Amino acid sequence: MSHIEITLPDGSKQSVAAGTRPIDIARGISPRLADAALAAKVNGEMFDVTRPIEQDATLQILTARDPESLEVYRHSAAHLLAAAVLELYPETQLGIGPPIENGFYYDFDRPTSFTPDDLEKIEKKMWEIQARALPYERVLTSKEEGLKKYSEAWMKCQLIEEKAGEVFTEYTLGPRFIDFCRGPHVPDTSKIKAFKLLSIAGAYWKGDEHNKQLQRIYGTAFFSAKELDAYLKQVEEAKKRDHRKLGKELDLFSIQELAGPGLIFFHPKGGIIRKQLEDWMRDQYLKRGYSLVYTPHVARIDLWKTSGHANFYAANMFTPIKLDDADYQLKPMNCPFHILIYADRQRSYRDLPVRLGELGTVYRYERSGVLNGLFRVRGFTQDDAHIFCTPDQIENEVVDCLQFAIDTLAAYGFEKYDAELSTWDGGTSGKYDGTPEQWAMAEGALQRACDKLKVAAKTIPDEAAFYGPKIDVKLVDAIGRKWQLSTVQFDFTLPRRFGLEYIAEDGKAHQPLMVHRALYGSIERFFGILIEHYAGAFPVWLAPIQAIVLPITDRQTEYARAIQKQLDDAGIRATVDDRNEKVNLKIREAQMQKIPYMLVVGDREQENGLVAVRNRKHADQGAKSIAGFLAEIKALIDSKAVSE
RNA sequence: GCCACCCUAGCUCAGCUGGUAGAGCGACUGAUUCGUAAUCAGUAGGUCGCCGGUUCAAUCCCGGCGGGUGGCUCCA
């Protein structure tokens with residue numbers, strides 16, 4: 001029998017018989033390791049611990065300590081799910097069942113749909129199978145034989161036809177379950193210690209809505225019950241921060257059935273926050289050399305024909321409105337309007353760059369199923385600007401945009417973000433507009449801007465808009481979720497379609513470069529992100545009510561009002577709670593409204609002209625002079641401090 | 001748009017296999033004047049999302065519509 005040499009991660013070598021399995025080697029090292037082994041890496045390739053090694057190799061045993069094994073583990077959990085489903089409902093057809101970011105899913109095809117009760121039954125069955133310690137067995141099959149074997153399973157056949165080589169691997173689990181699968185898997189079901197089924201959803205076969213819709217069961221799995229609980233707690237935490245819930249509790253905004261879905265009503269408190277966001281952005285526009293413009297909400301359809309939207313964006317637009325003279329289109333974008341302003345007069349290179357900024361409200365038709373609170377709506381306001389410039393200026397402009405985006409994030413307390421540079425495919429598909437020179441220039445400018453600002457942007461090929469490359473900035477919020485925010489995009493198409501020009505030094509007309517950028521993206525959506533990021537406890541400068549005066553008895557009502565007046569005069573948003581209620585109740589309610597400062601005033605404060613300051617996060621701060629408190633809160637507001 | 005689920009008082013939610021509804025909070029009224037997260041008592045409040053069907057009888061069963069939630073798809 002031939003021998004092979006196995007090299008372990010610590011550099012030690014072992015000579016073993018060919019066909020020895022990773023689990024055997026693990027057992028030789030320690031029974032505990034063998035017990036903990038979930039998968040192996042053989043010459044860098046993922047292996048089952050029970051798959052024989054046939055040649056000299058480096059070997060690494062993967063356990064719960066190796067992040068790579070989590071995917072294997074969850075993939076095995078998906079198989080466990082499918083095996084349970086087949087035991088309960090043998091007529092079910094299997095689709096695919098991969099691990100995903102926070103768990104796994106499996107797609108099924110069956111005539112009747114799963115109910116939440118079924119989910120419970122299935123999960124119970126999974127635990128039964130888990131307890132049986134059924135092995136995941138790897139089987140090699142020829143394509144021909146496989147197609148025969150799976151002749152009843154239409155989805156598997158399709159996959160085998162498309163993906164399988166002449167010989168492919170399958171994994172079995174118990175008597176019924178067999179799956180066309182690359183693997184690897186954990187050795188047996190007893191290794192899967194903590195899992196939970198989460199939800200049922202419709203999902204199209206291969207993600208194409210023209211295909212049959214399958215039933216997808218989502219679940220999650222972790223190495224330990226503790227980690228699973230922590231994950232479920234985090235999901236709970238996210239639910240607590242849900243902007244739809246907080247929006248109602250804090251009376252910030254609403255969506256009215258009578259008015260229509262996807263249309264946002266800002267209530268007084270949300271309105272104040274919105275005003276802060278808008279004021280901040282408009283101030284920044286002016287500080288950074290943008291001009292503020294205002295444009296209509298509708299325009300003749302001809303404008304949209306010229307821009308091309310009437311054609312390529314039709315599916316996202318509201319139906320045109322018929323008037324006397326023509327059809328009018330509610331605007332889905334601001335760009336054509338800004339272009340009209342640019343084109344309204346002749347431009348010299350001396351005028352450039354022209355930066356036209358607007359808080360422009362646009363309307364887009366979104367399919368009903370995708371609407372989501374403030375995040376996905378049918379009418380929203382973009383902090384939209386378009387920059388028209390010469391090739392010499394472009395790099396500076398892009399750098400400024402990116403810096404502006406970073407400053408915006410910082411202003412709202414976002415410390416972490418990711419950037420993505422979306423580029424074209426090199427022109428092979430023909431789906432992109434613009435010349436190779438334009439693409440090279442634009443992608444170069446975006447890349448150099450990132451380099452200059454030390455932004456590590458991930459390049460994503462073939463993800464650009466058809467009209468030009470872009471940088472997208474995604475922020476990371478307080479609980480680690482990512483949100484698409486700012487975007488800086490080149491546009492080669494619109495300047496051409498509208499015949500934009502400027503007169504250069506050579507006295508000839510040239511086409512300007514156009515950059516489209518939005519930093520909040522949508523004010524509604526950004527507001528929603530802020531609500532969740534701060535969990536409703538807005539920084540003082542944004543808080544709808546910044547301080548509330550709480551008189552203890554009605555003897556202090558007048559004093560409380562006088563304090564409120566002083567705060568008002570100082571530009572602080574303050575109210576008084578002079579209801580005939582105990583101070584405990586007033587504090588409780590103010591806390592729940594997440595009002596930053598509560599100023600308790602009783603006889604003691606009144607006599608000495610003080611306020612007893614309570615902060616929503618740091619509780620009782622003791623008595624202070626009114627002037628002292630004013631200075632403190634004003635400092636926070638003026639500096640736009642993100643926490644007090 | 002598609003699949004599944006949900007819609008009961010202002011809010012959050014109960015309501016067993018069909019016999020037209022209940023709690024807590026809130027609102028209102030009264031009492032209480034009180035020191036850092038809920039004072040007590042009383043009163044009012046619902047065509048059970050809307051329309052239709054089955055039934056002696058529908059909040060409950062069936063169908064349609066509207067809205068929402070989780071996904072899918074889409075997101076130029």
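Only a predicted model underlies this, so the values are computations on that prediction, with no experimental measurement involved. Within every chain, numbering begins at 1; the chains are lettered A, B, ... in the order of the sequence lines, protein sequences first and strands thereafter.
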Enquirer: With a non-hydrogen cut-off below 4.0 angstrom, is A:Tyr105 in contact with a base, only sugar-phosphate, or nothing?
Expert: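 No contact.
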Enquirer: Looking for any heavy atom pair under 4.0 Å, which part of the strands does A:Glu589 touch: base, sugar-phosphate only, or nothing?
Expert: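 No contact.
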Enquirer: Does the pair A:Phe527 and A:His243 meet the rule for a ring-ring contact (aromatic ring centres under 6.0 Å, His included), with working shown?
Expert: CA-CA 9 Å; A:Phe527 181 36; A:His243 70 279; 8.6 Å; no
Enquirer: Can you tell me the distance, in whole Å, between the CZ atom of A:Arg244 and the C1' atom of B:U12?
Expert: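 Spelled out: CZ on A:Arg244 to C1' on B:U12 is 17 Å.
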Enquirer: Is A:Gln556 touching bases, backbone alone, or none of the nucleic acid, heavy atoms closer than 4.0 Å?
Expert: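 No contact at all - A:Gln556 keeps every heavy atom at 4.0 Å or more from the nucleic acid.
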Enquirer: Salt bridge or not for A:Lys458 and A:Asp418, using N-O below 4.0 Å?
Expert: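 A:Asp418 and A:Lys458: not salt-bridged.
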Enquirer: Looking only at atom C1', what distance separates B:G46 and B:A14, rounded to whole Å?
Expert: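 About 15 Å, rounded to a whole number of Å.
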Enquirer: To the nearest angstrom, how far is A:Asn584 atom CG from B:G35 atom P?
Expert: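 The answer, rounded to whole Å, is 8 Å.
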Enquirer: For the residue pair A:Arg110 and A:Tyr89, would you count it as a cation-pi contact if the rule is NZ or CZ under 6.0 angstrom from the ring centre and within 45 degrees of the ring axis?
Expert: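 Yes, A:Arg110 sits over the ring of A:Tyr89.
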Enquirer: Measuring from the side chain of A:Val370 (C-beta onward, heavy atoms only), which nucleotide among B:G1, B:A76, B:A38 has the closest atom?
Expert: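 Nucleotide nearest to A:Val370's side chain: B:G1.
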Enquirer: Considering only the C1' atoms, how many Å lie between B:A27 and B:G49, rounded to the nearest integer?
Expert: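 These two C1' atoms come out 23 Å apart once rounded.
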Enquirer: Could you say whether A:Arg364 or A:Arg579 is positioned toward the 5' end of RNA chain B, judged by the nucleotide with the nearest heavy atom to each?
Expert: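 This one resolves to A:Arg579.
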Enquirer: Check this for me, if you would: do A:Asp472 and A:Lys474 make a salt bridge, where the nitrogen-to-carboxylate-oxygen distance has to be below 4.0 angstrom?
Expert: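 So A:Asp472 does not pair with A:Lys474 through a salt bridge.
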Enquirer: Pick the P atom in B:A23 and in B:G64, then give their distance to the nearest Å.
Expert: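 Straight-line distance between the two P atoms is 36 Å.
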Enquirer: Give one of base, sugar-phosphate or nothing for A:Tyr204, where a contact means two heavy atoms less than 4.0 Å apart.
Expert: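 A:Tyr204: base contact, heavy atoms under 4.0 Å.
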Enquirer: Over all strands shown, is A:Arg216 touching base, sugar-phosphate only, or nothing at heavy-atom distances under 4.0 angstrom?
Expert: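 Here A:Arg216 touches the backbone only, sparing every base.
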Enquirer: Taking any strand in view, what nucleotide pairs with B:C28 in a Watson-Crick or G-U wobble way, both distances under 3.5 Å?
Expert: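 Check on B:C28: paired to B:G42, both distances under 3.5 Å.
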Enquirer: At 4.0 Å (heavy atoms only), tell me whether A:Ala590 reaches a base, stays on the sugar-phosphate, or touches nothing.
Expert: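 A:Ala590: no heavy atom of the nucleic acid under 4.0 Å.
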Enquirer: Roughly how far apart, to the nearest Å, are B:U59 and B:A9 at atom C1'?
Expert: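 That atom pair is separated by 14 Å.
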Enquirer: Would you indicate, yes or no, if B:G1 has its OP1 or OP2 atom less than 4.0 angstrom from a side-chain nitrogen or oxygen of A:Ser368?
Expert: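 Indeed, a polar side-chain atom of A:Ser368 lies that close.
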Enquirer: Side chain of A:Ile552, heavy atoms from C-beta onward: which of B:U33, B:A76, B:G35 has the nearest atom to it?
Expert: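 The answer is B:G35, which lies nearest to the side chain.
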Enquirer: To the nearest Å, give me how far apart OH (A:Tyr106) and P (B:G71) are.
Expert: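 A:Tyr106 atom OH is separated from B:G71 atom P by 22 Å.
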Enquirer: When both hydrogen-bonding distances must be under 3.5 Å and the geometry is Watson-Crick or G-U wobble, what is B:U36 paired with, if anything?
Expert: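 Across all strands, not a single nucleotide pairs with B:U36.
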Enquirer: Do A:Arg376 side-chain and B:C74 base share a donor-acceptor contact under 3.5 Å?
Expert: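 Yes, the side chain and the base share a sub-3.5 Å donor-acceptor pair.
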Enquirer: Is it the case that over 12 heavy atoms from other parts of the model lie below 6.0 angstrom from the NZ atom of A:Lys233?
Expert: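 No.
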Enquirer: Between B:G35, B:A38, B:G71, which nucleotide gets closest to the side-chain atoms of A:Ala201?
Expert: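 Closest of the options to the side chain of A:Ala201: B:G71.
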Enquirer: Please tell me which of the listed nucleotides, B:U36, B:G68, B:U39, lies nearest to the side chain of A:Pro261?
Expert: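 Nearest to the side chain of A:Pro261 among the choices is B:G68.
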Enquirer: To the nearest angstrom, how far is A:Arg616 atom CZ from B:U36 atom C1'?
Expert: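 Value for this atom pair: 17 Å.
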Enquirer: Please name the nucleotide paired to B:C72 by Watson-Crick or G-U wobble geometry with both distances under 3.5 Å, or report none.
Expert: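 Checking every strand shown, B:C72 finds its partner in B:G1, with both distances under 3.5 Å.
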Enquirer: Ignoring hydrogens and angles, answer whether the base of B:G1 and the side-chain atoms of A:Tyr365 contain a donor-acceptor pair closer than 3.5 Å.
Expert: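 There is none.
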Enquirer: When the distance from CD1 of A:Ile548 to P of B:A37 is rounded to whole Å, what number comes out?
Expert: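 Going from A:Ile548 (CD1) to B:A37 (P), I get 15 Å.
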Enquirer: Is it the case that the ring center of A:Phe318 lies less than 6.0 angstrom away from the ring center of A:Tyr365?
Expert: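 No.
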Enquirer: Kindly say whether, by distance alone, the side chain of A:Gln215 makes a donor-acceptor pair under 3.5 Å with the base of B:C3?
Expert: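 A donor-acceptor contact between them is absent.
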Enquirer: Does B:A14 pair with anything, Watson-Crick or G-U wobble, both distances under 3.5 Å, and if so, with which nucleotide?
Expert: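 Paired with no nucleotide.
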Enquirer: From B:U33, B:C5, B:G35, pick the nucleotide closest to the side chain of A:Pro116?
Expert: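 Nearest nucleotide to the side chain: B:C5.
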Enquirer: Is the distance between the ring centroids of A:Phe466 and A:Trp439 under 6.0 Å?
Expert: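 No, they do not, as the ring centres are separated by 6.0 Å or more.
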Enquirer: What distance, rounded to whole Å, do you find between the two P atoms, one in B:U12 and one in B:U69?
Expert: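 Pairwise P distance, B:U12 against B:U69, rounds to 13 Å.
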Enquirer: For B:U47, which nucleotide is its Watson-Crick or G-U wobble mate, given both distances must be under 3.5 Å?
Expert: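 Answer to the pairing question: none, since B:U47 forms no Watson-Crick or G-U pair.
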Enquirer: For a quick check of understanding: with a heavy-atom distance under 4.0 Å over all strands, which category does A:Gly207 fall into, base, sugar-phosphate or nothing?
Expert: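 Sugar-phosphate contact only - A:Gly207 comes under 4.0 Å of backbone atoms but never of a base.
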Enquirer: In whole Å, I'd like the distance from the OH atom of A:Tyr313 to the P atom of B:C75.
Expert: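 Distance, rounded to whole Å: 10 Å.
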Enquirer: Taking the same atom, P, in B:G52 and in B:A57, what whole-Å distance lies between them?
Expert: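 Rounded to whole Å, the distance is 15 Å.
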Enquirer: Tell me what A:Asp603 touches on the nucleic acid: a base, only sugar-phosphate, or nothing, going by heavy atoms under 4.0 Å.
Expert: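 Base contact.
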Enquirer: Can a side chain N or O of A:Lys248 be found less than 4.0 Å away from OP1 or OP2 on B:U12?
Expert: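 Indeed, a polar side-chain atom of A:Lys248 lies that close.
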Enquirer: With both distances kept under 3.5 Å, what pairs with B:G19, Watson-Crick or G-U wobble?
Expert: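 Pairing partner, where one exists within any strand: B:C56.
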Enquirer: Could you tell me whether A:Met333 contacts a base, only the sugar-phosphate backbone, or nothing, with contacts defined as non-hydrogen atoms closer than 4.0 Å?
Expert: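 Here A:Met333 touches the backbone only, sparing every base.
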Enquirer: Distance check, C1' atoms only: B:U8 and B:G67, in whole angstrom units.
Expert: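 Nearest-Å result for B:U8 against B:G67 at atom C1': 16 Å.
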Enquirer: Give the rounded distance in Å between these two atoms: CZ of A:Arg378 and C1' of B:G67.
Expert: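 So the CZ-C1' distance, A:Arg378 to B:G67, works out to 12 Å.
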Enquirer: Could you tell me the separation between the CD atom of A:Gln606 and the P atom of B:U33, rounded to a whole number of Å?
Expert: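 Value for this atom pair: 18 Å.
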Enquirer: When you measure from the side chain of A:Glu443 to the backbone of A:Trp424, do you find a donor-acceptor pair of N or O atoms at a distance under 3.5 Å?
Expert: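 Yes, the answer is positive, given that a donor and an acceptor are paired below the 3.5 Å cut-off.
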Enquirer: Could you tell me how far B:G26 sits from B:G35 if I compare only their C1' atoms? Round to whole Å.
Expert: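 Looking at atom C1' only, B:G35 and B:G26 are 25 Å apart.
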Enquirer: Nearest heavy atom decides the nucleotide; on that basis, is A:Leu585 or A:Ile255 closer to the 5' end of RNA chain B?
Expert: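 Here A:Leu585 is the residue nearer the 5' end.
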Enquirer: Verify the contact: side-chain N or O of A:Ser113 to OP1 or OP2 of B:A4, cut-off strictly under 4.0 Å; return yes or no.
Expert: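 The answer is yes; a side-chain N or O of A:Ser113 sits under 4.0 Å from OP1 or OP2.
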Enquirer: Quick check with a 6.0 Å cut-off and a 45 degree axis cone: is A:Arg74 positioned over the face of A:Phe104's six-membered ring?
Expert: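 Not flagged: A:Arg74 not positioned over aromatic ring of A:Phe104.
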